[in-house]
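All values reported here derive from a predicted model rather than from experimental measurement.
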Amino acid sequence: MKKVVFCWLLLLPILSFADLNVNKVTKVLLSIEQNKPLKYFNENISLIDKFQLNSNGLHFSSFEEADIIFMSSVKSSSKLIITDSYEKLQKSNKSVIGAVYVKKERTHIFLVKERLEENGLTVSPNMEKYLISECYLNLVCLLSL
């Protein structure tokens with residue numbers, strides 16, 4: 001029984017990102033611009049390997065050097081975060097600038113326009129379709145439109 005549980009614990013991180021469209025996510029993350037190249041942090045080696053197999057130009061670094069924490073369980077109040085669920089994006093503070101997650105075998109990407117602007121970040125014009133307004137996250141605000 002312990003062996004079965006251990007095997008599932010090893011496979012779960014790999015399976016959870018199995019349908020993640022790495023090329024799509026890479027294009028969006030590379031389109032986030034600042035006055036310097038952005039560095040990302042994630043503690044999941046299998047996810048980092050997926051991105052680095054594409055040799056896509058995303059820079060993953062240590063937690064201390066990273067500008068953005070990407071789909072990670074590590075909490076930080078001083079770093080910007082791209083979370084792994086829409087619910088976390090809705091309930092979060094201003095340091096969570098977006099969400100990337102898989103639902104129904106499709107990769108979903110949302111970046112909050114106002115949160116990006118507050119942190120001096122922009123998105124290239126061809127990726128603006130992934131931007132949402134802060135109001136989109138608040139049901140009361142959304143109903144008043």
Side-chain angles (χ1 to χ4, degrees), residues 5 7-145:
V5 171
C7 288
W8 274 110
L9 289 174
L10 287 177
L11 290 176
L12 192 60
I14 296 169
L15 294 175
S16 65
F17 300 113
D19 295 328
L20 185 67
N21 185 337
V22 174
N23 290 330
K24 181 179 176 182
V25 173
T26 298
K27 287 178 185 176
V28 173
L29 293 180
L30 287 174
S31 78
I32 300 173
E33 300 168 345
Q34 195 180 36
N35 55 1
K36 63 178 177 121
L38 296 173
K39 294 179 184 176
Y40 296 87
F41 169 78
N42 187 290
E43 75 276 1
N44 186 330
I45 300 299
S46 64
L47 180 66
I48 294 172
D49 288 345
K50 271 187 150 184
F51 280 97
Q52 292 184 346
L53 284 176
N54 280 347
S55 64
N56 52 35
L58 279 182
H59 300 285
F60 284 91
S61 65
S62 68
F63 178 80
E64 292 79 22
E65 294 177 358
D67 301 303
I68 298 175
I69 298 173
F70 177 67
M71 297 175 65
S72 176
S73 61
V74 175
K75 306 284 189 239
S76 173
S77 60
S78 62
K79 307 260 185 204
L80 299 176
I81 299 169
I82 296 178
T83 188
D84 59 355
S85 79
Y86 184 78
E87 291 77 24
K88 289 178 186 176
L89 178 63
Q90 270 185 313
K91 296 175 183 175
S92 65
N93 60 14
K94 302 290 184 188
S95 67
V96 179
I97 59 171
V100 174
Y101 59 95
V102 176
K103 184 176 180 182
K104 295 184 181 178
E105 299 181 15
R106 291 184 51 210
T107 300
H108 296 271
I109 304 170
F110 293 104
L111 299 171
V112 182
K113 183 178 180 179
E114 292 84 357
R115 295 179 188 183
L116 289 171
E117 290 172 355
E118 286 174 13
N119 291 292
L121 301 171
T122 59
V123 177
S124 58
N126 61 338
M127 294 295 164
E128 286 182 351
K129 64 184 177 184
Y130 298 105
L131 291 177
I132 60 171
S133 172
E134 186 82 39
C135 187
Y136 187 78
L137 299 172
N138 185 345
L139 185 59
V140 174
C141 180
L142 195 58
L143 291 174
S144 68
L145 293 178

Please round to the nearest 0.5 Å and tell me the distance separating atom CD1 of Ile97 and atom CG of Leu89.
10.0 Å
Roughly how far, to the nearest 0.5 Å, is OG1 of Thr26 from CG of Asn21?
8.5 Å
Going by heavy atoms in the side chains, are Ser61 and Phe41 under 4.5 Å from each other?
no
Rounded to the nearest 0.5 Å, the CZ atom of Phe70 sits from the CG atom of Asn44 at a distance of 10.5 Å
Check the pair Ile82, Ile68 against side-chain contact (heavy atoms from CB on, under 4.5 Å), reporting the backbone distance first and the verdict last.
CA-CA 7 Å; Ile82 296 178; Ile68 298 175; 3.8 Å; yes
Return the CG to OG distance between Leu80 and Ser95, rounded to the nearest 0.5 Å.
7.0 Å
Report yes if the side chains of Leu111 and Ile132 come closer than 4.5 Å at any heavy-atom pair, otherwise no.
no
Where is the tightest heavy-atom contact between Ala66 and Tyr40, given as atom of each residue plus distance?
CB-C, 3.9 Å
Tell me if the NZ atom of Lys24 is crowded by more than 12 foreign heavy atoms within 6.0 Å.
yes
Nearest heavy-atom approach of Ser85 to Ala99 is O-CB, 3.7 Å
For Glu43 and Ser73, does a side-chain donor sit closer than 3.5 Å to a side-chain acceptor?
yes
Least distance between heavy atoms, Met71 atom then Thr83 atom
CG-O, 3.9 Å
Side-chain (Lys79) to main-chain (Glu64) donor-acceptor, under 3.5 angstrom:
yes
Rounded to the nearest 0.5 Å, how far apart are CG of Leu131 and OH of Tyr136?
13.0 Å
Under a 4.5 Å cut-off applied to non-hydrogen side-chain atoms, are Tyr86 and Tyr101 in contact?
yes
Do Val25 and Val22 have side-chain heavy atoms sitting under 4.5 Å apart?
no
The test is side-chain hydrogen bond (donor to acceptor under 3.5 Å, both in side chains); show your working for Glu114 and Ser133 and say whether it passes.
CA-CA 7 Å; Glu114 292 84 357; Ser133 172; 3.2 Å; yes
Apply the test side-chain contact (heavy atoms from CB on, under 4.5 Å) to residues Leu47 and Leu20: give CA-CA distance (whole Å), side-chain angles for both, the deciding distance (0.1 Å), then the verdict.
CA-CA 9 Å; Leu47 180 66; Leu20 185 67; 3.7 Å; yes
With a cut-off of 3.5 Å and sequence neighbours excluded, list every side-chain donor-acceptor pair involving residues 115-123.
| residue | atom | partner | partner atom | Å |
| --- | --- | --- | --- | --- |
| Arg115 | NE | Glu134 | OE1 | 3.0 |
| Arg115 | NE | Glu134 | OE2 | 3.3 |
| Arg115 | NH1 | Ser92 | OG | 3.2 |
| Arg115 | NH1 | Asn93 | O | 3.4 |
| Arg115 | NH1 | Val96 | O | 2.7 |
| Arg115 | NH2 | Glu134 | OE2 | 2.8 |
| Asn119 | ND2 | Arg115 | O | 2.7 |

Interatomic distance, Glu87 atom CD to Asp84 atom CG [nearest 0.5 angstrom]:
10.0 Å
